Amino acid sequence: MENVFDYEDIQLIPAKCIVESRSACDTSVTLGGHTFRLPVVPANMQTIIDENIAKTLAKDNYFYIMHRFEPETRIAFIKDMQATNYIASISVGVKEEEYRFIDTLKAEELIPEFITIDIAHGHSNQVIRMIQYIKEHLPTSFVIAGNVGTPEAVRELEHAGADATKVGIGPGKVCITKVKTGFGTGGWQLAALRWCAKAASKPVIADGGIRTHGDIAKSIRFGASMVMIGSLFAGHAESPGETIEVDGKRYKEYFGSASEFQKGEKKNVEGKKMHVEYRGALKDTLTEMEQDLQSSISYAGGDQLLAIRNVDYVVVKNSIFNGDKVY
Ligand SMILES: NC(=O)C1=CN([C@@H]2O[C@H](COP(=O)(O)OP(=O)(O)OC[C@H]3O[C@@H](n4cnc5c(N)ncnc54)[C@H](OP(=O)(O)O)[C@@H]3O)[C@@H](O)[C@H]2O)C=CC1
Ligand SMILES: Nc1nc2c(ncn2[C@@H]2O[C@H](COP(=O)(O)O)[C@@H](O)[C@H]2O)c(=O)[nH]1
């Protein structure tokens, strides 16, 4: 791979504006036959999403993916969401008990609208088998499979039946895969996204490494249909992580799904725990993200999200911060 770059190395080039107000720009995106307000989904991690947040997001027409770390609650969760006419969007792993879970869903005719196969190294026969099993038994569920970091992986998972693939091995804020194993897309996630998206014939979700709202527009430019975000969502009042106070300042806990804190043991640890600054209400961040993305669309010279896909860009290594902090 040549010409690798990451989010902070890119600036998108403006095109002539066609709207009279940023509010005329439409940030919505359609995935799996459902239209959502933003091309953004909070990470399916235990310190990012819980049932209350899932309900709030679904009610306000944002996409969500529930995590898989309380597996025994998933059936009740699906029933509860569907009883209130919200989409049911859950995660699964690949171990034997997950096959029995799919069998139960089929037997009870409980069909989640979205199922995400959430595995660190998604380019594997285990994931391919699970995609095929879900597609055989719950053919109308939209299957998101990942995570991957190569065009070959995208093609194989799509070929197995995945309706979308998730790209990002190791760019996450609480990820230590890159240091523990030497592998990943950390530091060149945006270039990896471009590489993978060029090979994709179905939607690609960019996962990890988003540090500013402008990175959402950059992901769309380089081929993502949606972005998955952890750290930027970890600091809210509603976030499930513990709140702590240090010198009068509040922080929220954020830990990796492959961290010792999640696993309860020190085995194959590829994630860490940190604290992020408290950011207030989730709805305020979502509103700000929407406004910033509307502005991105206006700079792209359009009024629809995909106008961003057509803009030119420059690579200016490590340019955007100039030593400044965003917040
Ligand atoms: N996006 C990313 O960069 C990363 C994300 N994560 C997150 O951490 C969580 C845990 O992930 P994961 O460990 O996959 O899930 P699980 O712990 O559920 O493991 C799933 C199965 O895959 C096996 N497995 C896991 N990694 C490998 C590998 N590298 N080679 C062969 N087999 C493997 C495991 O066996 P065994 O444990 O015995 O190997 C287990 O049987 C997920 O939520 C994932 O999204 C973790 C790392 C990177
Ligand atoms: N290598 C690891 N990656 C992890 C772990 N837990 C989650 N993740 C990935 O990070 C993103 C979120 O990234 P962020 O930069 O927005 O914070 C998440 O969606 C997962 O793909 C982990 O323990 N290790």
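Because the structure is predicted, anything quoted here is derived from the model rather than measured. Atoms within a ligand are numbered from 1 in the order they appear, just like the ligands themselves. Side chains included, hydrogens not; waters and symmetry mates left out as well; all remaining heavy atoms used.
- The distance criterion of under 3.5 Å between nitrogen or oxygen atoms is met by R68 with respect to ligand 1.
- For a heavy-atom separation below 4.0 Å, the residues in contact with ligand 2 are A43, M45, N147, G172, K173, C175, T177, D207, G208, G209, R211, M228, I229, G230, S231, Y254, G256, S257, A258, S259, E270, G271.
- Looking from atom 3 (O) of ligand 1 to the surrounding protein, the closest heavy atom is G170 N, 2.7 Å.
- The ring-ring contact (aromatic ring centres under 6.0 Å, His included) test with H34 singles out one residue from Y62, F142, Y86, F114, and that residue is F114.
- Given atom 30 (N) of ligand 1, the protein heavy atom at minimum distance is H121 CD2, 4.6 Å.
- Under the side chain to side chain contact (heavy atoms under 4.5 Å, CB included) criterion, P39 pairs with V29, I216, I220, L293, L305, not counting sequence neighbours.
- At a threshold of 4.0 Å, the pair E108-K79 counts as salt-bridged, since one of the basic side-chain nitrogens sits closer than that to a carboxylate oxygen.
- Taking hydrophobic clusters as Ile, Leu, Val, Met, Phe, Trp and Tyr residues chained together by side-chain heavy-atom distances below 4.5 Å, I169 does not share a cluster with F222.
- Ligand 1 lies less than 4.0 angstrom from a heavy atom belonging to A258.
- For the ligand labelled ligand 1, residue G168 lies inside the 4.0 Å heavy-atom shell.
- Given atom 7 (C) of ligand 1, the protein heavy atom at minimum distance is S257 CB, 3.9 Å.
- Proximity of atom 34 (C) of ligand 1 to the protein is not indicated, since no non-hydrogen protein atom lies closer than 4.0 angstrom.
- Annotation: atom 6 (N) of ligand 1 to nearest protein heavy atom, A120 CB, 3.9 Å.
- For K106 and D103, the salt-bridge test fails: no basic side-chain N is under 4.0 Å from an acidic carboxylate O.
- T177 OG1, 3.4 Å is the protein heavy atom nearest to atom 48 (C) of ligand 1.
- Each of the atoms 20 (C), 21 (C) of ligand 1 lies under 4.0 Å from some heavy atom of V94.
- Residues S91 and T116 have side chains that never bring a donor and an acceptor to within less than 3.5 angstrom of each other.
- A search for side-chain hydrogen bond (donor to acceptor under 3.5 Å, both in side chains) contacts involving Q262 returns Q46, not counting sequence neighbours.
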Distance-only donor-acceptor pairs under 3.5 Å for side chains of residues 225-233, two or more places apart:
from	atom 1	to	atom 2	distance (Å)
S231	OG	R211	NH1	3.4

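- Inside a 4.0 Å radius of atom 22 (O) of ligand 1 there is at least one protein heavy atom.
- Judged purely by distance below 3.5 Å, without hydrogens or angles, the side chains of T56 and E238 never pair a donor atom with an acceptor atom.
- By the criterion of a heavy-atom distance under 4.0 Å, the side chain of Q126, and not its backbone, is placed next to ligand 1.
- Both Y313 and I210 sit in one connected hydrophobic cluster of ILVMFWY residues. Membership requires side-chain heavy atoms under 4.5 Å apart, directly or through other members.
- For ligand 1, the polar-atom distance check finds no N/O of I169 at less than 3.5 Å from any of the ligand's N/O atoms.
- Protein heavy atoms are found less than 4.0 angstrom from atom 14 (O) of ligand 1.
- Residues D292 and S295 have side chains that never bring a donor and an acceptor to within less than 3.5 angstrom of each other.
- Using modelled atom types and a 3.5 Å distance limit, the side chains of T285 and H236 yield a donor-acceptor pair.
- The shortest contact between atom 38 (O) of ligand 1 and any protein heavy atom is with K267 NZ, 3.9 Å.
- Comment: K55 engages D80 in a salt bridge, judged by a side-chain N to carboxylate O separation of less than 4.0 angstrom.
- Between the side chains of E152 and H123, no donor-acceptor pair is found at a separation under 3.5 Å.
- At least one N/O-N/O distance between D118 and ligand 1 falls below 3.5 Å.
- Counting heavy atoms under 4.0 Å from ligand 1, residue N147 touches it through the side chain alone.
- Scanning all heavy atoms of the two residues, the minimum distance from S239 to T47 falls at CB-O, 4.0 Å.
- Every atom of ligand 1 is numbered from 1 in the order shown, and the set under 4.0 Å from a heavy atom of E270 is 47 (C).
- In terms of protein heavy-atom proximity, atom 37 (O) of ligand 1 is nearest to N268 OD1, 3.9 Å.
- Counting the atoms of ligand 1 from 1 in the order shown, those under 4.0 Å from a heavy atom of F69 are 43 (O).
- Of all the heavy atoms of F183, none lies under 4.0 Å from any atom of ligand 1, so neither backbone nor side chain is involved.
- Smallest separation of non-hydrogen atoms from A160 and I131: O-CG2, 3.4 Å.
- Between the side chains of D26 and S28, a donor-acceptor pair is found at a separation under 3.5 Å.
- In terms of protein heavy-atom proximity, atom 40 (C) of ligand 1 is closest to K95 CE, 3.6 Å.
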